[in-house]
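The sequence lines fix the lettering, A, B, ..., with proteins before strands; numbering per chain opens at 1. Not measured: the values here are computed from a predicted model.
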Amino acid sequence: MTKPFIPPLSRRALLAGGGAVIVSFALMRHGLAQEAPAGPKLPGDLSKTPMLDAWIGIDAQGKITVFTGKAELGQGVKTAFIQCAAEELAVQPSAINLITADTGRTPDEGYTAGSHSMQDSGTAIRNAAAQVRDIMLSLAAAKLSIDAGTLDARDGKVSAKDGRSLGYGELASGQALHVAAQPTSRLTPPDKLKVIGSNLPRVDIPGKVTGAPMYVQDMRPDGMLHARVLRPANYGARLASLSADAARGMPGVVNIVQDGSFVAVVARGEFEAINALNVLSQNAQWSDGPQLPEQAKIYSTLTALPSQDKTILDKGDPAQPGVKRLKATYLRPYQSHGSIGPSCALAIWQDDMMTVWTHSQGVYPLRNAIAKMLSLPSDKVRCIHAEGSGCYGHNAADDVAGDAALIARAMPGTPIRVQWMREDEHGWEPFGPAMQTQVEASIDGQGKLLAWQYDVWSNTHSMRPGGPGNLLAAQYLAQPFQPDPPMPIPQPEGGGDRNAIPLYAIPNARVVSRFIPQMPIRVSALRGLGAYHNIFTTESFMDEMADAAGADPVAFRLAHLEDERARAVVSRAADAFGWTKDKPAAGWGRGFAFARYKNLAAYCAIALELRADRTTGNIELGRVVAAVDSGQAVNPDGIRNQIEGAIVQSSSWTILEEVTFDRTSITSRDWSSYPILRFPSLPQSVEVHIVNRPNAPFLGTGEAAQGPMSAAIGNAFARATGTRIRQLPLSPQRVRATLAT
Amino acid sequence: MTIVLTINSERHQIDADPSTPLLYVLRDNLKLNAAKFGCGLGQCGACTVLVDREPVFSCLTPISVLDGRRVRTLEGLGIADKPSPLQAAFIKEQAAQCGYCIPGMIMRAQALLEKNASPTQAEIRDHMQTNLCRCGTQMRILRAIDRAAKDMKTADAGTTTGAAR
Ligand code: FES
Ligand code: FES
């Protein structure tokens, strides 16, 4: 039967036998309001979920379970959380059982996005673990009638010098951990850290390299059926007619589920579902959708739409002419998340309960959206995170979870697995929005920046659920839901204007964020949001201004950077690269760029060299050297892995990627019409240097290199060829065309 | 219709339409998870397995052409406690982020190392170009392949565990 594969909802069952935690999580949260302490803000997401046993459970046998509302997306966050917990609980990492994002069991930590996991959840777990360890010490002190200061907590027990010891399991009985967190914790001092700061191997990698069932795609509970959803060619098209008989009669087909223009085929085998989908699509007629804008005019089309303008920085007189004043416009196309595995979900409707396994970045918001779509109370929907292919933002993960829930609702008791087809993933995912920026700046007689005027036009960068209408399928139901009205993400993090405010000291500066509500193309959050293009713009223009000032680009940046940590990262990257030492080989150009992600997360600087082939238009990347400051580095190799990955991914975005469309539909529907970087085009080498800051707060790193890499490429290209390209991507066609003129 | 397939040295009677691509038989009928659906178009390599000594896209290979041929999947190389040299090298280099592309990467690299024990960087890059990774793990994948080639040479010749089985 299918029942046993649903993990038990109550924490009592999970921690069977233990007295530590005896209430279900839902109940526990209920009781919070009265218990949350007033006063100073609690560390990380303890501020939202203050009870220690929401984060850490210890059963009677001493088995430790740690709960996080964040999800493993391939960024290695599970391992880093385990390190935080193991360090402060003074146990081996292998002693920690970690439960990730599950609306039935874990705290609500919103989305796993914006490089927030370590700051929010890592901080909460580390502090909760330190406080639990201290509770163990004081309970043991009371039981042994001995001063807690003389006791030692290690490997799951508290020991006295006289040889007596008590296990965490014995100590954590009753409601010992059902207490609110304190604002401050006795964290392990930097010189005593053993697990934090070590390169603990990723806990998920052995399974991933040996074919263990690691992904939602790999789940196959008994009785599971495969479903595929019929999608129109165009946005907004409605089903005009459908004859489902041919598909219904095909081998393996069990059901055709239809609700308005939402149609899915359900079959025993996956290939049978795909075959039936093809037949179904041949027998479906759709109305036309709205016309799409002309791609060649997309930027003028977008900037002509009404915008909500907000001045997010206003200092002095940014119109000052100085001794030299330059102006430029930069463009970024729609770009795709392009997950290698199309989005997938599994759902079952059983005993009045909808359970969905999903690789969504936000199980709680998704749960609420699905509940509204199905007109269910939210406690009748449970979303459990299961890994999928890397998502890099809001891809189709939530949409496919909505698909699965709709189909499962129509087939009670049957687990339904839905995976999107490649052409749907490429055609229907919400893309990273196209953007335009315009920047104008002047220098004074000393070659310093005098004034800076910056405008950024962008759609929203978040159409996550949200309301049910943000789930694609919900827009096609007989009673359709409308997408939420798009909203800008406010500063200081920002959305389209993320990193639009330069970190450089400029006496006169104005930055205007022009938010365009109307979205002709479906968009949402793509790794880095607006930071990718704003950093491309700012850091490219810093080079243009450095040239205007006759200054070296690195020296010019340092001359305008006051933040010591920013300076350290810039210097580290430049030194490790040998920026001032040797000259580039003939034909090669060097580029440098720096940013602090969101102006409040990790610092990252990149130096690289490249050359361009005038005949083919191909860019050849040479050496890439990065420096990063993520605060206290929990797992340095994990940080390196993230930065290396971002460098390669951003190279691909910057050199190759652009979603294409005609007047009716998206035309980049596969990897040949939407090429991404392949092995032969990788950089010759990528080197990442970490500037560690022991016991400084964790700073999110996952998106830190995206922007700097794009500008470093643009800057190196300008130096290698003498020509600057301000429109992304620097594709072979564009490079050829630009260099030919 | 029943077709007999030899997968990781085991014979299986498969009851499926002969036009069914191997990928779905591996995943649905045999419950082998490593080979992944990525595109179904031969463009990404997520579904790569070995047929005899050649890497193939299992998403495009109908089972009807596999009669009498030897299919190897990642599961046939090694397990977490006893990884093959390539798997061990991927672990040592921590060469995965989401890991979805990795089974295909390892199988493709396995084919290279069985034919060429000392590939150059350029040969590795060229050989691997059919396989996509979106997480940007490629630099580590290259290091892992390089490391495996060296490890396999320093160990004895029998270390192509999977190949020998
Ligand atoms: S899934 Fe076979 S090549 Fe992409
Ligand atoms: S590791 Fe995620 S696609 Fe390669």
(request) Return the option, out of A/Ala646, A/Gly252, A/Gly76, A/Ser672, with the maximum number of heavy-atom pairs under 4.5 Å with chain B. (result) A/Ser672
(request) Counting only heavy atoms closer than 4.5 Å, note whether B/Leu132 contacts chain A via side chain, backbone, both or neither. (result) both
(message) For the interface with chain B, which of A/Ser681, A/Ser389, A/Pro206 has the highest count of heavy-atom pairs at distances below 4.5 Å?
(response) A/Ser389
(message) Quick check for you: to the nearest 0.5 Å, what is the distance between A/Ile340 atom CD1 and B/Ile102 atom CD1?
(response) 10.5 Å
(request) Might you work through the side-chain contact (heavy atoms from CB on, under 4.5 Å) test for A/Met214 and B/Asn33, ending with a clear yes or no? (result) CA-CA 8 Å; A/Met214 303 294 285; B/Asn33 294 305; over 6 Å; no
(request) Looking only at non-hydrogen atoms, find the nearest pair between A/Pro342 and B/Gly38 and report the distance. (result) CD-O, 3.2 Å
(message) With no hydrogens and no angle check, just 3.5 Å: does a side-chain donor-acceptor pair link A/Asn641 and B/Gln94?
(response) no
(request) Using non-hydrogen atoms and a 4.5 Å limit, figure out which bit of A/Ser652 sits close to chain B: side chain, backbone, both or neither. (result) side chain
(request) Go through the atoms of A/Trp420 and report whether side chain, backbone, both or neither lie under 4.5 Å from a heavy atom of chain B. (result) backbone
(request) Name the region of A/Arg417, side chain, backbone, both or neither, that has any atom closer than 4.5 Å to a heavy atom of chain B. (result) side chain
(request) Return the option, out of A/Ile274, A/Val648, A/Leu73, with the maximum number of heavy-atom pairs under 4.5 Å with chain B. (result) A/Val648
(message) Quick check: closest heavy atoms across A/Val209 and B/Ile91, and the distance to 0.1 Å?
(response) CG2-CG1, 3.6 Å
(message) Quick test of your reading of the model: are A/Asp218 and B/Lys36 salt-bridged, counting only N-O distances below 4.0 Å?
(response) yes
(message) Please classify the contact of B/Leu86 with chain A as side chain, backbone, both or neither, using a heavy-atom distance under 4.5 Å.
(response) neither
(message) Counting neighbours of CZ on A/Arg623 that are heavy atoms of other residues, nucleotides or ligands and sit closer than 6.0 Å, is the number greater than 12?
(response) yes
(message) I need the minimum non-hydrogen distance between B/Gln138 and A/Leu682, along with the two atoms involved.
(response) CB-CD1, 3.3 Å
(request) Kindly indicate whether the side chain of B/Arg27, heavy atoms from C-beta on, has any atom under 4.5 Å from the side chain of A/Phe271. (result) no
(message) Can you tell me if B/Asp67 has over 12 outside heavy atoms packed within less than 6.0 Å of its CG?
(response) no
(message) If you count heavy-atom pairs within less than 4.5 Å of chain A, which of B/Thr20, B/Thr137, B/Ile124 leads?
(response) B/Thr20
(request) Rounded to the nearest 0.5 Å, what's the gap from CG on B/Leu74 to NZ on A/Lys208? Could you check? (result) 13.5 Å
(request) Report yes if the side chains of B/Leu142 and A/Phe679 come closer than 4.5 Å at any heavy-atom pair, otherwise no. (result) yes
(request) Kindly compute the distance separating NZ (B/Lys82) from OG1 (A/Thr210), expressed to the nearest 0.5 Å. (result) 13.5 Å
(message) If I measure from the heavy atoms of chain B, does A/Pro683 come under 4.5 Å with its side chain, its backbone, both, or neither?
(response) both
(request) Answer yes or no: is there a side-chain heavy-atom contact under 4.5 Å between A/Ile647 and B/Met139? (result) no
(request) Please look at B/Lys92 and chain A and tell me whether the side chain, the backbone, both or neither of the residue comes under 4.5 angstrom of a heavy atom of that chain. (result) neither
(request) Identify which part of B/Ala46 has an atom lying under 4.5 Å from any heavy atom of chain A, answering side chain, backbone, both or neither. (result) side chain
(request) Report the distance from atom CD of A/Glu272 to atom CG of B/Asp17, rounding to the nearest 0.5 Å. (result) 8.5 Å
(request) Identify which part of A/Tyr215 has an atom lying under 4.5 Å from any heavy atom of chain B, answering side chain, backbone, both or neither. (result) side chain
(request) Side chain from CB out, backbone as N, CA, C, O: work out which of these in A/Glu387 comes under 4.5 Å of a heavy atom of chain B, or both, or neither. (result) side chain
(message) Closer than 4.0 angstrom, basic N to acidic O: yes or no for B/Arg140 and A/Asp637?
(response) yes
(request) Using non-hydrogen atoms and a 4.5 Å limit, figure out which bit of A/Arg202 sits close to chain B: side chain, backbone, both or neither. (result) both
(message) Between B/Tyr24 and chain A, with a heavy-atom cut-off of 4.5 Å, which part of the residue counts as in contact: side chain, backbone, both or neither?
(response) side chain
(message) If we define contacts as heavy-atom pairs under 4.5 Å, which of A/Val686, A/Asp204, A/Asp670 has the most with chain B?
(response) A/Asp670
(message) With a 4.5 Å cut-off on side-chain heavy atoms, are B/Arg134 and A/His337 touching?
(response) no
(message) Looking at chain A, which one of B/His127, B/Arg143, B/Gln121 has the largest number of heavy-atom pairs inside 4.5 Å, strictly under?
(response) B/Arg143
(message) Within this structure, what is the SG-CZ distance for the pair B/Cys59 and A/Arg422, rounded to the nearest 0.5 Å?
(response) 11.0 Å
(message) For a quick test of reading the model, state the closest non-hydrogen atom pair linking B/Tyr100 to A/Gly341 and the distance between them.
(response) CE2-CA, 3.1 Å
(request) Name the region of A/Gln419, side chain, backbone, both or neither, that has any atom closer than 4.5 Å to a heavy atom of chain B. (result) side chain
(request) Against chain A, work out which of B/Cys44, B/Pro103, B/Cys135, B/Ala34 has the most heavy-atom pairs shorter than 4.5 Å and name it. (result) B/Cys135
